[in-house]
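Presented below is the structure to which this report refers.
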Amino acid sequence: TAPELIRNFCIIAHIDHGKSTLADRMLQLTGVVQSRDMRAQYLDRMDIERERGITIKSQAVRMPWALADEAGVLTPHALNMIDTPGHVDFTYEVSRSLAACEGAVLLVDAAQGIEAQTLANLYLAMENELEIIPVLNKIDLPAAQPEKYGEELAKLVGCEPEDVLKVSGKTGVGVEPLLDRIVQRVPAPTGDPNAPARAMIFDSVYDTYRGVVTYVRVIDGDLNPREKIAMMSTKATHELLEIGVSSPEPHATKGLGVGEVGYLITGVKDVRQSKVGDTVTNAAKPAATALAGYSDPKPMVFSGLYPIDGSDYPVLRDALDKLKLSDAALNYEPETSVALGFGFRVGFLGLLHLEIVRERLEREFNLELISTAPNVVYEVTMEDGTKVEVTNPSEFPGGKIKEVREPVVKATILTPSEFVGAVMELAQSKRGELQGMDYLSEERVELRYHLPLGEIVFDFFDQLKSKTRGYASLDYDTTGDQVADLVKVDILLQGEHVDAFSSIAHRDKAYSYGVMMTAKLKELIPRQQFEVPIQAAIGARVIARETIRAMRKDVLAKCYGGDISRKRKLLEKQKEGKKRMKNIGSVEVPKEAFIAALSSD
Ligand code: GDP
Ligand code: MG
């Protein structure tokens with residue numbers, strides 16, 4: 001297709017504002033998916049995506065759409081819709097998807113109005129200089145307020161309220177005019193067809209049958225089957241076995257030219273060899289410079305993952321090896337814990353990424369897992385100048401520390417104005433620094449904060465929701481790091497460290513963590529034949545203490561000598577229990593107690 005007839009666009013929206021549903025209607029109206037084959041959220045391929053109603057991985061679909069001029073003459077166009085992941089953990093992937101487009105449909109729920117992700121995605125789209133098409137969705141809802149939110153949206157993007165399109169992804173109302181508008185407003189791609197090939201990777205997906213499927217947008221030149229291609233970040237070369245477009249099922253083509261969007265198959269088996277943001281070029285005639293904006297995915301949140309049944313450890317290791325093939329951002333290394341046994345320290349992009357990985361491990365590999373409290377990465381500089389990167393709190397160094405740096409995010413919070421006070425109080429208690437505040441309308445306020453990521457991964461989101469009755473929304477992006485007064489709090493059982501419970505906390509909050517954790521463990525650890533102190537300590541200084549009183553434990557005492565088979569059963573049960581016991585020094589603790597203490601409630 002000639003570049004003048006191509007339109008590359010994405011739909012950006014806050015979660016649940018109807019992006020997937022609108023995409024479904026577009027597939028139907030353009031005829032690429034027949035109505036009888038239609039199922040809800042056609043593009044959300046993974047089970048977890050469909051169940052949670054979130055889009056984890058972006059996909060691209062090519063759809064034909066003919067635009068009529070005044071005389072009624074139809075000109076066929078090719079629309080490439082690039083579906084962006086809708087969550088903060090995947091900001092980098094969102095930004096690469098946006099970089100593959102010239103325009104963005106900014107979708108807002110007509111019953112909800114603008115939310116934090118609407119803004120965060122709009123800012124990203126503006127940074128990429130995309131043409132913004134403002135659209136109100138769900139106008140079929142009785143609770144829709146198209147006038148009010150239409151004005152809000154117009155004010156935000158700087159257009160007239162009449163220019164805001166009103167659609168329903170559910171009923172299909174207004175979707176045809178929207179497709180026309182995309183052809184009219186979104187600029188056609190430009191690029192040099194005679195230059196050496198340059199294509200940007202905006203997604204790469206592992207497929208059991210086809211290996212890695214790499215989604216690209218061609219900027220200059222062209223890519224053709226059987227050619228040798230090179231990845232510009234690694235210089236690795238591959239043969240192009242197949243090249244094609246998805247609409248939405250894959251169709252092989254004779255090649256991809258300037259402005260086109262499609263997929264490549266090279267037979268590689270690991271998504272790490274096809275990295276999002278990287279530039280693909282022709283190995284025989286390589287481009288001189290790569291496209292801007294490439295960076296390696298960097299894990300921001302770490303957690304220990306342990307099988308509840310220790311004999312599942314090899315299964316967990318194999319499962320992680322398999323997941324890694326389809327998830328370039330997944331990082332892990334083996335770790336052992338006194339309390340939890342053998343497991344892995346795993347790095348994630350964020351909390352949702354952690355949840356998704358854990359859920360996939362449990363669901364697809366039938367594992368039962370426990371994870372330690374998530375933590376961020378700290379950079380510790382010692383007095384002698386050596387630097388240590390700490391991804392596990394129990395490895396926080398002792399000795400003379402000069403400074404500790406922690407990652408910071410730029411957070412956008414949207415809240416109804418009645419909750420502004422509560423949100424500010426919460427942000428302040430989490431060491432937030434207010435950067436700015438805007439009234440989008442009389443009752444909706446945008447607050448911008450710098451906040452430590454460590455506070456966000458703790459429980460910020462839950463508290464924000466509960467303090468605003470679920471009305472506030474949050475989006476964030478990492479901006480850098482800062483020096484902070486952080487200390488390691490250790491938990492000790494009869495003087496022995498329980499590694500899984502060490503935590504890095506701001507000095508002001510160390511005490512409350514210590515009190516909370518010692519009290520929790522006192523509840524959960526059964527009495528022993530001797531007294532067991534539980535302490536929380538910073539270095540050698542104890543900051544909280546509880547005591548488990550001694551008790552002589554004898555399961556048979558309750559049986560009054562009677563029923564023999566009952567006695568045997570109890571003894572067997574006790575033996576069963578013994579297997580799952582962990583020894584911390586001379587204290588015997590059932591693994592379940594540690595698991596319960598780590599489960600948040
Ligand atoms: P996404 O998270 O932005 O992809 O949103 P979805 O497309 O998954 O939609 C979220 C929810 O809103 C689902 O329950 C949809 O059925 C519903 N929904 C989406 N579009 C419309 C619409 O136009 N009208 C109505 N009434 N509901 C809609
Ligand atoms: Mg969706």
Side-chain angles (χ1 to χ4, degrees), residues 9-30 33 35 38-61 63 81-91 93-94 97-98 101 104-122 124-125 132-150 153 164-179 181-182 203 248 350 352-353 355-356 359 414 461 465 470-471 473-475:
F9 75 100
C10 55
I11 305 174
I12 52 181
H14 191 74
I15 192 146
D16 281 346
H17 283 202
K19 190 175 76 169
S20 300
T21 307
L22 176 63
D24 286 351
R25 276 306 80 60
M26 289 181 168
L27 296 182
Q28 242 176 338
L29 282 170
T30 58
V33 176
S35 300
M38 199 68 215
R39 51 173 202 266
Q41 278 104 46
Y42 192 91
L43 298 169
D44 296 351
R45 282 166 195 254
M46 266 197 274
D47 282 351
I48 297 175
E49 295 186 52
R50 207 182 302 269
E51 273 166 34
R52 294 177 165 230
I54 52 171
T55 306
I56 297 164
K57 274 290 184 184
S58 43
Q59 302 276 348
V61 191
M63 306 177 286
M81 173 169 61
I82 293 167
D83 193 15
T84 57
H87 191 272
V88 289
D89 283 4
F90 307 102
T91 307
E93 292 190 16
V94 178
S97 299
L98 296 181
C101 302
V105 170
L106 181 66
L107 196 66
V108 172
D109 185 325
Q112 303 284 331
I114 293 157
E115 293 290 356
Q117 260 172 278
T118 320
L119 292 176
N121 286 327
L122 173 64
L124 274 178
I132 310 289
I133 299 178
V135 177
L136 277 184
N137 189 30
K138 306 197 191 182
I139 54 162
D140 61 292
L141 283 177
Q145 294 178 276
E147 295 308 313
K148 177 177 161 194
Y149 292 127
L153 186 51
V164 176
L165 291 178
K166 298 181 177 65
V167 310
S168 164
K170 188 172 177 185
T171 67
V173 167
V175 179
E176 290 189 20
L178 170 57
L179 289 164
R181 178 75 60 97
I182 290 167
D203 198 5
L352 179 73
H353 188 213
E355 265 184 65
I356 290 167
E359 206 169 310
L414 234 87
F461 192 62
K465 284 288 176 191
Y471 282 116
S473 53
L474 164 75
D475 200 289

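In listed order, ligands and their atoms are each counted from 1. Side chains included, hydrogens not; waters and symmetry mates left out as well; all remaining heavy atoms used.
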Of Ile11, Thr21, Ile12, the residue with the heavy atom nearest atom 7 (O) of ligand 1 is Thr21
Ignoring hydrogens, just give me the one of Ala13, Ala143, Gly18, Ser20 whose non-hydrogen atom is nearest atom 4 (O) of ligand 1. Ser20
Using a 4.0 Å heavy-atom cut-off, say whether Lys19 meets ligand 1 through its side chain, its backbone, both or neither. both
Among Val173, Leu22, Asp140, the residue with a heavy atom nearest to atom 24 (N) of ligand 1 is Asp140
At what distance, to the nearest 0.5 angstrom, does CD1 of Ile114 lie from OG of Ser473? 10.5 Å
Counting only heavy atoms, which portion of Asp16 has something under 4.0 Å from ligand 1: side chain, backbone, both, or neither? both
Of all heavy-atom pairs between Ala125 and Ile132, which one has the smallest distance, and what is that distance? CB-CD1, 3.7 Å
Any idea which atoms of ligand 1 are less than 4.0 Å away from a heavy-atom of Leu141? 26 (N)
Roughly how far, to the nearest 0.5 Å, is the CG atom of Asn137 from the NZ atom of Lys170? 11.0 Å
Consider every N or O of Gly169 and every N or O of ligand 1, then say whether any pair is closer than 3.5 Å. yes
Nearest candidate to atom 27 (N) of ligand 1, where distance is taken over non-hydrogen atoms, out of His17, Lys138, Arg25: Lys138
Rounded to the nearest 0.5 Å, what's the gap from NE2 on His17 to CD1 on Ile12? Could you check? 12.5 Å
For Thr84, is there any backbone N or O sitting under 3.5 Å from a side-chain donor or acceptor partner on Lys19? yes
With heavy atoms under 4.0 Å as the rule, classify the contact between Ser168 and ligand 1 as side chain, backbone, both or neither. both
Between the side chain of Arg25 and the main-chain N/O of Gly172, is any donor-acceptor distance below 3.5 Å? no
Between Ala116 and Leu414, which heavy-atom pair has the shortest distance, and what is it? N-CB, 3.9 Å
Honestly, for Asn137 the part within reach of ligand 1 (heavy atoms, under 4.0 Å) is side chain
